[in-house]
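Below is one structure, written out as structure tokens, with a few remarks after it.
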Amino acid sequence: MSENPAADASTDTGLTARRLRADVEQVLGEPADTLGEHDNLLDRGMDSIRLMSLVESWRSAGVETDFITLAEEPTVAAWTRMLLDT
Amino acid sequence: MSAPEEFDVIVVGGGPAGSTAATLIADRGHRVVLLEKERFPRYQIGESLLPATVHGVCRLLGADEEIHDAGFTAKRGGSFRWGTSPDPWNFLFALSPELSGPTSYAYQVDRMTFDDILLRNAARHGVDVREESAALDAVTTGGRVTGVVYSDPSGTRRELAAAHVVDASGSTGRLHAAAGGTRRHSEFFRNLAVFGYFSGGGRMPEPDAGNILCAAFDEGWLWYIPLREDLTSVGAVLHHDQAARIQADREGTLYESIQRCDIVRDLLGDTERITEGTYGRVRVRRDYSYADTRFWAPGITLIGDAACFIDPVFSTGVHLATYSGLLAARSVNSVLAGELSEERAFGEFEGRYRREYAVFYEFLAAFYDMRQREETYFWHARKVTDMATDDVQAFATLVAGASSAETALVGADALTRRFSSASAELTGAVERTGAARTDSGERMTELFRAPVVADVMSEMNRIQRRGAAGPAAEAPLLEGGLVPTADGRSWAEPGTAPA
């Protein structure tokens, strides 16, 4: 499926800032590098299923996150901070 | 009897659990026969669905369009007059109005129509559906279930043989004993339901008009399900000590219960109860919660109400049925393909099924524990702090099955504390969320963040996501466990399944 963010990534490769942004753009059907860091993703077409797909994909890449956490601050900047800053 | 007719799989029971399992096994090209004791469409209770069934399993079955076109009432969640607040509050499926999406609703269904759609769909997928065919006995050969004896529509006894039998024959079926376990009941959830149907009745204001309403009163609670404009299902759930009263006067008990519960009494007004046809009777069901100590044995798997049942206040019946049908199909397909051992495949089935049962059990125990008018016997008997040690140990056995009896012997106090803390979290989350028809009441963030709710939602979300968006890599749900294959119809070891 074209909406499948994991289609081109094997599991356990880990999540990078580049992949995080690419996955978001892919589920939203946006061209690469068109999302602003602070764009509210709900305004860009993010719905619950796309969000669940991202959670699933990132969890299978070994990142601990959940639906509520991502939904609270739906921006690339916030997700990068939450998921990748250690 | 002549030589048995041979199949790959025999499914016993044509309800949602059996139809789901049969369809997904037949999709892999296996020869599947399904025995159903009645002729469909037939009456059934359990009318309120959850999104995981509608958007997850029904999509996988290829029945979602037909379900959508059937004109069922859309349900965006449940409304509850429950706890200390006099105002109803909502448990909506969508996190918020801004973050809704295709799976933020389910349906209220008349089960005659819904179950018939799934059974006809199974037949279209190649299942040999035999109605008016009652399973009588399991056939066992060398410690393995190898077939079923049934009575055909003419009353003739016939024998079927298969590599695997799936028992989806409900709470009254007899085959579950062939799995070698026993059915354990929960004292905590021992209730009786008395219910009937009304020709209409009021609706809550939009957009909540399609919600199920569950309303507590001193002696129990009532459900109010808007099935159609001219059809409302109303039932009273009472303590089992009311059995004699119900038996003496079903209709009177139902009416008296309605009179005791303002919100339902006001919605019904002078709407008349339907007194003719399928919906014309006041019926009674024991809705005792139970689980079998074994969910499978060599050659046989139990799913749906044949395996376990939990209190209906959160509309879990069809969800647990279709979910277990999906899990069983994955395990049967994996074993028939020679890809996994029975122990590995059905271990995953049982582990996931018991986990789902356990998270709902804990959620419902917390839900019943929410502050009510505690001086009444019904609610007092449902405080988790008053749960007897026996009940807590029974819970551990229900949830763990026969595999880990030692967990039943330790940690009763710890479990009681966990239930109490889950209840406090849930009560707090409901209070912070606020009443339905307020801005905060439209936002489920507080509720979904309560750990006991998050546990309940997680696997349902995955099922929905898969149904709506297709396959994607999934992490195992259970430690050391398996993951679904890309087509969702069997299991794979993690890391081996292409996404």
Side-chain angles (χ1 to χ4, degrees), chain A residues 1-16 19-20 22-30 38-76 78-79 82-83, chain B residues 51-52 54-56 59 76 92-105 429 443-451 453-477 481 483-484 486-488 492-499:
Chain A
M1 299 257 318
S2 60
E3 283 181 6
N4 175 3
D8 57 355
S10 62
T11 56
D12 301 324
T13 53
L15 184 65
T16 60
R19 177 177 158 194
L20 185 150
D23 286 352
V24 172
E25 286 164 346
Q26 192 174 359
V27 297
L28 295 178
E30 300 272 0
H38 299 283
D39 285 2
N40 183 336
L41 297 173
L42 302 189
D43 297 335
R44 305 294 293 261
M46 184 65 68
D47 64 18
S48 57
I49 287 297
R50 289 183 168 87
L51 195 51
M52 284 174 201
S53 296
L54 290 171
V55 170
E56 203 59 54
S57 168
W58 294 341
R59 284 172 67 99
S60 75
V63 179
E64 268 308 307
T65 187
D66 59 55
F67 184 74
I68 295 285
T69 305
L70 295 188
E72 276 184 332
E73 263 190 281
T75 64
V76 169
W79 292 356
M82 283 190 277
L83 303 185
Chain B
V54 173
H55 304 287
R59 181 80 68 96
R76 69 171 192 146
L92 304 177
F93 300 131
L95 179 63
S96 67
E98 298 79 31
L99 193 68
S100 55
T103 67
S104 53
Y105 67 94
R443 287 176 170 69
M444 296 292 108
T445 316
E446 295 287 353
L447 267 171
F448 286 9
R449 207 201 303 274
V453 177
D455 282 350
V456 159
M457 300 301 279
S458 66
E459 181 71 339
M460 289 199 295
N461 283 348
R462 289 174 136 193
I463 298 285
Q464 289 182 71
R465 192 217 58 75
R466 175 172 277 273
E474 283 184 21
L477 179 69
V483 294
D487 73 350
E493 297 291 346
T496 62

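Heavy-atom basis, side chains included; hydrogens, waters and symmetry copies ignored. Sequence lines set the chain letters: A, B, ... in the order given, protein chains first and strands last, and positions in each chain run from 1.
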Check your understanding: Hey, mind stepping through A:Met52 and B:Arg462 against side-chain contact (heavy atoms from CB on, under 4.5 Å) and telling me if it holds?
Key -> CA-CA 7 Å; A:Met52 284 174 201; B:Arg462 289 174 136 193; over 6 Å; no
Check your understanding: Between atom CZ of B:Arg449 and atom CG of A:Asp66, what is the distance when rounded to the nearest 0.5 Å?
Key -> 9.0 Å
Review point. Can you tell if the side chain of A:Asp47 reaches within under 4.5 Å of the side chain of B:Ser100, non-hydrogen atoms only?
Key: no
Practice item. State, to 0.1 Å, how close B:Ala473 and A:Glu56 come at their nearest heavy-atom pair, and which atoms those are. Key: O-CG, 3.6 Å
**Study point:** Taking every non-hydrogen atom, the tightest pair across A:Leu42 and B:Glu98
**Key:** CD1-CB, 3.8 Å
Exercise for review: Starting at OG of A:Ser57, measure out to CZ of B:Arg465 and round the result to the nearest 0.5 Å.
Suggested key: 9.0 Å
Review point. Under 3.5 Å, side chain of A:Ser48 to main-chain N/O of B:Leu99, donor-acceptor pair present?
Key: no
Exercise for review: Under 4.5 Å heavy-atom distance to chain A, tell me which part of B:Leu95 shows up: side chain, backbone, both or neither.
Suggested key: side chain
**Study point:** Contact summary for A:Arg59 and B:Ala475, nearest pair of heavy atoms
**Key:** O-CB, 4.2 Å
